[in-house]
Each structure stands twice: as C-alpha cells, then as structure tokens.
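Quick notes on the structure that follows.
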Amino acid sequence: MLLSFERLGWWKWVLVAITGLVTAFLLLPILFIAALSFGSSQWLIFPPPSWTLKWYREFFADPRWLESAWTSLQIAALVTLFSVGIGLCASFALVRGKFRGRETLKAFFLTPMILPVVVLAVALYAFFLRLGLNGTVTGFVLAHLVVALPFSVLAITNALEGFDKSIEDAAVLCGASPLEAKFRVTLPAIGHGLFSAAIFSFLTSWDEVVLAIFMASPTLQTLPVRIWTTLRQDLTPVIASASTLLVLLTILLMLLVALVRKGFKS
Amino acid sequence: MRKTTFLAALTAAVSLAGVAHAEDMVFTSWGGTTQDAQKAAWADKFTAETGTNVLMDGPTDYGKLKAMVEASGVTWDAVDVEGDYAVQAGKQGLLEPLDFTVIDKSKLDPRFVTDHSVGSFYYSFVIGCNADAVSACPKAWADLFDTANFPGKRTFYKWSAPGVIEAALLADGVAPDKLYPLDLDRAFKKLDTIKGDIIWWSGGAQSQQLLASAEAPFGSFWNGRLTALAADGLTIETSWDNNITAADSLVVPKGAKNKDAAMKFIALATSAQAQADMAAATGYAPTNLDSPALMDPEVAKTLPDQQKASQVNADMNYWAEHRDEIGTRWYAWQAQ
Amino acid sequence: MTQASNTAMLAPPPRRRGWLPAGLGPATPALVLLTLFFVVPVVSLLLRSVLEPSPGLGNYAELLGSSTYLRVFLNTFLVSGLVTTVSLLIGFPVAWTLAIMPGRWARIVFAILLLSMWTNLLARTYAWMVLLQRTGIVNKTLINLGLIDQPLTLVNNLVGVTIGMVYIMLPFVILPLYGVIRRIDPSILQAAALCGATKGQALRRILLPLAAPGMAAGGLMVFVMSLGYFVTPALLGGTNNMMLAELIAQFVQSLVNWGMGSAAAFVLLVATLALYAVQLRLFGTSQMGGR
C-alpha cells in the first residue's frame, strides 16, 4: 500500500507536494544562474538593467576556461575510476569479511571525510614535495582519491548490505564460477550503489577547491580554482555563463542517453 | 586546444619536481582581473625584454608558501602578498632579501619598502556609499559607527588585516598620529556597538555586490572597487576623510629556483611605466613615485596618492609584529 | 595501483590466507592508499600540534580553555546535526516518492537532482547568497505576495547556512535512500494491510525500519561531511556561527599557525570518532546498515 502510488490515497498528494517543492528548491539557483548569465550587471543585480551575450563571448574568448574545465574532467574521471574500483573491493571486505574490527576499519575508511580538507592539503602538499608529486596529475588524482574514497565505501557497502548473498550462492550452485557470479549477479544488483559511488566520487573531485589550490601548478589548473579566484576578485557573470553551458551540456547528454535507450527498445 | 592541455598535463606528470624550465620563472598572485593586469603590465613586457617566460600561478596561499620553503621545494619565484604578511614572513626567514642593486628603490614609495619586499600596488580603505539607496551618506568613520543617524547594515573587511581596527579607533576619537600602538580593547569595545549591523565582505567583488544591491548601502571599501562601480553608472559617493592606506608587496620565497630572474622581474614591475600601466588598469595606486607623471591626469586624480591631505598610513611593522596576536583575537571576537 | 586493485577484484571469495584475517584481502588497496597518502602525511602534520611553538600541550590548553573555541566546537556539531536532520526529513519523502512515482516523472526529478549537483558548488553558493539577501528575489517575492512587510534576514546567519548546506547535502541523502526503498518488497506492506495495519502503523513499523539502513548511511555521510565543511558556512553564515573548519582554515592559511590548526583538527577527529563509537555501542551495527 505504501509502495503503490495508486493506493496511497491522500498521502499521495502530500508526497507529490513535498517532492514538487523540493524540485523547485533544487531548480531555483540553477535558473537564477542561467538568468544572471544573460544579465548586463556585473554585480548580479536582479532583474538586470538589460540583457546581453557578452559574458558568453568573454568565456569563449579566454581559452583558460575550457582548458581548466578539460583538466578538471580528466582528473575527476580518473578519480572516479579508481575510487569505485578500490571502494568496491574494500566494501566486499567490510561486508563479507569475517574478521574482528570491521566497524573500526569502516570508521578508518571514513576519516578523510571528517578531517577539514585544508589540513589534509597542507599535509599532502609537504609530503608530495618530498616525493616530487606536486603539480602532477598523479599527485592531483591521489589527493582527490583520498577524499573521494569514503563516499564510494559508504555508498557501496550500503548497497551490498541490502543484497542477499544467498542469490550469489545460488548462482554458484547452478554452475557459475564464484567470480562469474559476482560479475553477473552481484554487480548488477548493486548497480545503484555503484552509480551513487561514481557520482559522489566524480563530484568530490570536480567541485574540490582547497586541495586543488595546493596541488595546482602553472600548467595544471582546475576549473574550481579559476572559479574561486574569479568569484573573489571579480564576481563576473562569466562564471554564470560557464555554469549554464555545463548545465546545457548535461541536459544534452541526458537527452542523448534517453534517445539511445528508446532506440534500443523499439 | 584539447591536445595542448593534455600534452601540458602529461609534461607536468612526467617532470618530477620542477615545473618551470631554467629560462622560465613563476609569478604567483591572487587571480582574476588583478593578475591579468599584472600579466599585461609586467610579465608580458618582462618576457619581451629578457626572453624569460613568466608562468602565472595562483592564488597566493600563505600555507602553501610556508610548506614549500620548509620542504625546500620552492616552485614560486615572485609572489604578490599582503604588506603586513610580507614583513612578518621576512622576519620568520621565509623570504629572500631583495637585491637592491638590481631593484632601484630610490624611486619607490618608502612606506612600502623593506629588506624583503617592495610595494606591488597600494590602496586605501575609504568610506563608500550607494547614494541612490539612502537619504544621507556617512562622511567620516564616526558616521559608520553611528547607527542612530545612519541606520542600516554597513560592511567591513572580514579578515584580520590593517583597516577596520584603525577605523574603529579613529571613530572613537583617537588622533590619527596616536593610533599606534593600537588600543585593541578600545577598538573591540567600539566595534561591539555596531557588531549586529555589520555584514562582512571577504573579497573585493563581494563588497561591490553588497554596495550595488544596497544590501549594505555603505561601509569601508578598497578605493579602486568604488571607482569601478561608479564607472559602471552607479551613484557612488566616496569619502576620503582619514583614508587608511595598505599595500600588497612583491616578495621572493627563500630558496626560489630562479632568484635572479625574480629580482629582475620585480625591478621591472616596480618601474615607473609598469606601475603606471598597472594603476591605470586596476584603480590601485602606483608604488613608484615617478608613475603619476606618466598617467592620464583624469585617472591619476582618482588614486589614493592624491588624497594625502587626510590620510592615515597603516603601520605595517606594527602589524607584522602583532599579526598573530591581533588575528587570534579578531577571529575569536567575530565568533562570539 | 591499477594492478593491485585488479588483482584484488579478481581475488576468489573470502578465504583464510596465511596471516591475513579472513576476507580482509580485498581491502588492501584502500588500506595501502589511505596509509600512504592519508595517515603518514596527516600524522606528521598533527605532530606539530604538540611541537609548535614549543613542545607540550600548550595548543590544546589554549584551544580547550577558551570559551570562544568551545563555542565554535559546539556550533560545528549543532549545525551539522541540524543540517542532517533537515536533510533526512526532506530527503525521505522525496526518495520515497521517487521510488514509487511513474517512471517518466521520476526521471525528470532525477535529472534535476543531477543538474543541481553538476552546477559548480561555488556558483551555487554565491547564487544562494544573492538570492537570500534582504534585497534578493526571495525577500522581494515574499513582500510582493504580501506575506511579510519587512525583509527577513535569511543570510549571514544560521538560516543561510542551513539552506545552503541542505541544498548541497540533499542528493547524498536521496540517492542512497532511493536505492534502499526500491529494494523493499511491496508484498510485505500488502501483507501488513491485509492484517489490518493502518498507513501510519505501516509507515512507523515497516517502511521506516526497513529504510533505516539507508537513512543511517545517508545521515552519517551528511553529518560527517558537514563537520569538515568550510566554503558554504563561510559565505552564507554569520561570523557568530563560525564552524571549526573555517577556524582551522584561518589558522592554517591566514595566521599560518599550524600548531593550533592541527590541534583543532585533531580534537575534531577524536570527537567525531568518539561519537561514531558511541553510536555503534548504542544502536549496534544494524543501525549502521549491517544485517
């Protein structure tokens, strides 16, 4: 009854209303940013005195925006890959392992989340200077991986705990190798957890600014660092136009995925 | 474009510690249009004259600076820092002494020259007001502390730095020449009277947004930020009464790999023409005494060096000496 | 690293192998990574808290002896608790609706959720700063609608921090909860209905307990993340609800006093891990998502 939309009665409308309000709450800043990107006021006065495309022109006139976005994308993609891979393994150990102190180990895996990033940034920077890793992609990815991994571990253990291991065992009984059973039965079943882990890891790296300031070099600048300094110094709506372009790109990608899916079905 | 960045990233990944080549140097500043102006007025000219490529890094971060000096892995050669930090870092041994046989300090404003630093640009804290939003604009620091006659929110610089404490003491009736040593108890007591009416600005751009939107219709601002707002068509009133000067400084971290190039770069950056170009682009004042003569008189008269009649110089040496003590107390007071 | 993670992923199911405790093997890559690039550097930095400016516990005495710093500590946990509670209260009904609403609508809400996450964090925070100002759209709209006469103070205080942080944290609650609710077998609830349970009873006795692991995972993630957060509170909060991470950032980056900065970070770490241990003791592992 509670899990069937039709049989919820008036509760249905309460839930729909809450979800509608939250969706509006989520949309408000995005729409606001999109509106500002066409406004003529550099000081974000709203409604703007007039409308303009000049912030988009400025964005494309300065190649450093696209370059830093591309750097961010590469780093975030690498971080996502490693974070989900390593997190998946760690989660198997945490959920399926039979050793004592599993909860302690889990707490240990989560500590990078608690420590304010600036402390990790100074510590890692000094450490990387000795290893010669500062200002390198490797150093950047390692630093972001440390803060992204806890999200993977949390999301995947959560999914794995909800998965009934007897299904995997059944597959083995039916003749699958244990590995095959993991890949063909368990992984698809915890797909949602893997997806969450990937998104959280990607965003942790993509939006991270404090570690990035320390790991950056003249040839390795990420988008958040550019946005951070530009917002502090200039507050220019170029950032609004950059964000709007990214949102548009995301919508296009989503539509593309939806179209491809439809194509497969029909 | 994608290919070049990827190659650049690869090169960075392959080269171990070093980022800059022997013929390159790295200049670090705060980013945004200020650093763009520094690149155009200083770095590009330096490259044209000497062939040394100047790589831009940033933002300046004192934690990062300290870490690289301690680990002897300095990747920055010339850095733009706040004036009081420059004096303090010099005393802590984090900076190279400047080579004044290369840098000609005879033409530089002596207020901003120390053994380890020279002025990068300077500015004044002035009283700004959005005249469209209020009936009367505050004219003196005392007015900003007078909530009866000037009701509403006012905005001040958030970080512990020269400016706000001086303003509070001036408002409380301390004579400009009797400010130092700062009477902190008196200053915080005065600040307490308007604490609930203060909106803090943490970056120059935010101060402009607050004033333009009339979220805080008046407050204490960097002068150049007000010039920019007025140029954008807003009705901004500026009071230079007892304007408080502070400066950014150029320094060379201890153990910088391209020390000699950095000295030459600083020599060019503080030359009369380079300082004049930078001032024209940003609205900050030049630290070279010969620069104003090279500038458009219309622009020159909006700069703090024309406002010496009623000007207070924040004492960088005092601040450097007491930076930690004041800072600790400042943030504790804010958090109360 | 790739090699290690691959071999671990291909490793046979948990089995006792010499000195390694049963089933710990797959955790090796994560352990190596965190030991090398987290424990070693961070411990060497935290050591400074007892070495600088002079050896001893001076920094800790100063930190714990000051009512201001204690306030900042308390405030950090209060704000994090508030943000977690609000996120869960809002996130649960949304995740529930998403799990059962018609697919097309659910996909649209999901798309918006992902869009909000994809927009740069700093841009979103600045947007809220301007939206929530006294002269901002939210206040203007409320005044035009006649709901209020005077603009509300929505930013530079606790309200601003909460709105800004809940906005960022919501996906971290909704996504795991959605996964958990999707997996609940509807027939359990049908059985409850057959036995005469009302909706309220079914919610309290069946749906909420079954969703608890997701709530715990999401809540833990949000709470812990909030503790170390700094950009959003710094921009949307007032100085009198400063959080610890901002104080630490000031010690590290502005005052360059690493002794005090590391001392504060260490106290935060210990307090949080202690809290985690207490939660484990009180609720056992089942509350944390174990079975």
Side-chain angles (χ1 to χ4, degrees), chain A residues 1-5 11 15-16 18-19 22-23 26-27 29-30 32-33 44 46 85-86 89-90 92-93 96-99 103 107 109-110 112-116 118-120 122-124 127 142 146 149 154-155 158-159 161-162 178 192-193 196 203 207 227-228 231 239 243 246-247 250 254, chain C residues 5 8-9 12-14 21-24 26-27 29-30 37-38 41-42 45 90 93-94 97 100-101 109 111-112 115-124 126-128 130-131 137 175-176 179 183 186 189 193 202 207 217 221 224-225 227-228 245 248-249 252 265 269 272 276 280 289 291:
Chain A
M1 104 196 111
L2 290 185
L3 288 178
S4 152
F5 209 51
W11 281 35
L15 285 182
V16 167
I18 295 177
T19 308
V22 170
T23 312
L26 290 172
L27 264 180
I30 305 177
F32 183 62
I33 289 169
L44 315 185
F46 200 88
I86 299 176
C89 298
F92 266 105
R96 301 272 178 89
K98 297 272 185 302
F99 52 93
E103 287 301 335
F109 284 159
L110 300 188
M113 272 171 106
I114 315 165
L115 193 77
V118 62
V119 175
L120 180 65
V122 169
L124 261 186
F127 189 63
L142 282 172
V146 168
L149 190 62
L154 261 183
N158 179 41
E161 271 155 0
H192 190 269
S196 301
L203 288 172
D207 260 351
I227 292 185
W228 170 244
L231 275 176
I239 288 160
S243 304
L246 277 172
V247 166
T250 320
M254 285 176 176
Chain C
S5 69
M9 231 152 92
L24 184 63
F37 298 109
F38 180 70
V42 169
L45 182 70
I90 301 177
V94 174
T97 319
I100 60 174
M101 87 196 307
V109 178
I112 291 171
L115 278 185
S116 79
M117 296 171 79
W118 182 254
T119 312
N120 179 274
L121 182 95
L122 295 163
R124 282 183 276 164
Y126 265 79
W128 276 119
V130 178
L131 277 169
I137 304 183
L175 287 180
R183 282 198 309 263
L189 286 151
L207 189 60
M221 190 149 42
V224 168
M225 261 173 97
L227 287 177
I248 293 173
V252 173
L269 263 184
T272 315
Y276 183 77
L280 278 181
R291 285 257 158 120

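None of these values were measured; they are calculated from a predicted model. Convention: sequence-line order gives letters A, B, ...; per-chain numbering from 1.
Closest approach of A/Leu15 to C/Pro93, counting heavy atoms only: CD2-CB, 3.7 Å. For the residue pair C/Pro186 and A/Leu3, the shortest heavy atom distance occurs at CA-CD1, 4.1 Å. The minimum heavy-atom distance between C/Tyr276 and A/Ala107, with the atom names listed, is CE2-CB, 3.3 Å. Looking at every heavy atom in both residues, A/Leu124 comes nearest to C/Pro41 through CD2-CG, 4.0 Å. Nearest heavy atoms, C/Ala123 versus A/Ile239: CB-CG2, 4.2 Å. Between A/Phe32 and C/Ala127, the shortest heavy-atom contact is CE2-O, 3.8 Å.
For C/Trp118, the parts lying under 4.5 angstrom from a heavy atom of chain A are both the backbone and the side chain. In this structure, chain C has heavy atoms under 4.5 Å from both the backbone and the side chain of A/Thr23. Looking at C/Leu122, both its backbone and its side chain come within 4.5 Å of chain A, counting heavy atoms on both sides. Proximity to chain C (any heavy atom under 4.5 Å) is restricted, for A/Met254, to the side chain, taken from C-beta onward. With a 4.5 Å cut-off on non-hydrogen atoms, C/Val252 touches chain A through its side chain but not through its backbone. Only the side chain of C/Leu45 comes within contact range of chain A, judged by heavy atoms closer than 4.5 Å. Residue contact with chain C, scored on non-hydrogen atoms closer than 4.5 Å, involves the side chain of A/Leu149 exclusively.
Each of C/Leu227, C/Ile90, C/Leu207, C/Leu175 has some count of heavy-atom pairs under 4.5 Å with chain A, and the biggest count is that of C/Leu175. Ranking A/Leu44, A/Leu26, A/Ile30, A/Leu120 against chain C, the residue ahead of the rest is A/Leu26, based on heavy-atom pairs under 4.5 Å. Each of C/Val42, C/Thr97, C/Val94 has some count of heavy-atom pairs under 4.5 Å with chain A, and the biggest count is that of C/Thr97. With respect to chain C, the highest number of heavy-atom pairs below 4.5 Å among A/Pro112, A/Ala155, A/Ser196, A/Gly193 belongs to A/Pro112. The greatest number of non-hydrogen atom pairs below 4.5 Å with chain C, out of A/Ile114, A/Val118, A/Leu154, is found for A/Ile114.
Taking CD1 of C/Ile112 as the start and CG of A/Leu27 as the end, the distance is 4.0 Å to the nearest 0.5 Å. Distance CH2/A/Trp228 to CG/C/Leu121: 10.0 Å, rounded to 0.5 Å.
You'll find the side chain of A/Phe46 reaches within 4.5 Å of the side chain of C/Ile137, heavy atoms only. Contact check for C/Phe37 versus A/Phe127: side-chain heavy atoms found under the 4.5 Å cut-off. At a threshold of 4.5 Å between non-hydrogen side-chain atoms, the residues C/Val109 and A/Val22 do not count as touching. Here the side chains of A/Asp207 and C/Arg124 are in contact, with some heavy-atom distance below 4.5 Å. At least one side-chain heavy atom of A/Ile33 sits less than 4.5 Å from a side-chain heavy atom of C/Thr119.
Scored by the side chain to side chain contact (heavy atoms under 4.5 Å, CB included) test, C/Ala265 finds A/Leu115, A/Val119, C/Leu46, C/Ile248 as partners (sequence neighbours excluded).
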